Amino acid sequence: MENSEQLKNYKRAAKRVAEERNFYTHLAVYIVINVIIFVVILQLKEHIYDGYLWINLLSTPVLWGIPLLIHGVWAFRKGNKFTLFKKWEERKIEEYMNEQDNF
């Protein structure tokens, strides 16, 4: 019984490590690609209409950064709930428990 529980814990831990490793790989690719895009766009800025320069510089990091942020939140979650929401829930529960008028 104990051995199977240890095996479950090991598999769960290995899965979490793989998720975090995948996030770091995603982050590294994000940084490399965006640096390349910045360099290329800044080298070609004389050939790009000035009105589109900032849109070209910011569109990829922002549009790719949102899924990267979601990936990071997912990879570093704690337990079944995200710690940020869990702390908020605990604070609200304590707040409502301290207020006698709500009951």
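Note that this is a predicted model, so its numbers are computed, not measured. Nothing fancy with the numbering, it's 1 onward along the sequence.
Residues Ile66 and Trp74 are members of separate hydrophobic clusters, defined by side-chain heavy-atom contacts under 4.5 angstrom among Ile, Leu, Val, Met, Phe, Trp and Tyr. Under the 4.5 Å side-chain heavy-atom criterion for ILVMFWY residues, no single connected hydrophobic cluster contains both Leu63 and Leu68. Val62 and Val35 are members of different hydrophobic clusters when ILVMFWY side chains are connected at heavy-atom separations under 4.5 Å.
For Ile36, the side chain to side chain contact (heavy atoms under 4.5 Å, CB included) partners at least two apart in sequence or on another chain are Val32, Val40. By the ring pair (Phe, Tyr, Trp, His ring centres under 6.0 Å) test, Tyr30 pairs with Trp64, sequence neighbours left out. Taking the side chain to side chain contact (heavy atoms under 4.5 Å, CB included) definition, one finds that Ile41 meets it with Ile37, Ile48, Leu53, Asn56, Leu57, sequence neighbours left out. Under the rule for a side chain to side chain donor-acceptor pair (under 3.5 Å), Glu20 has no partner lying at least two apart in sequence or in another chain. Residues satisfying the ring pair (Phe, Tyr, Trp, His ring centres under 6.0 Å) test with Tyr24, not counting sequence neighbours, are Phe76. Residues passing the side chain to side chain contact (heavy atoms under 4.5 Å, CB included) test with Val17, sequence neighbours excluded: none.
Here the side chain of Arg16 pairs no donor or acceptor atom with the backbone of Ala13 at under 3.5 angstrom.
Summarising the geometry, atom NZ belonging to Lys8 is positioned 12.0 Å from atom CG belonging to Asn3; distances are rounded to the nearest 0.5 Å.
Between Phe23 and His71, the ring planes are perpendicular. Angles over 60° get that label, and only those under 30° would be called parallel.
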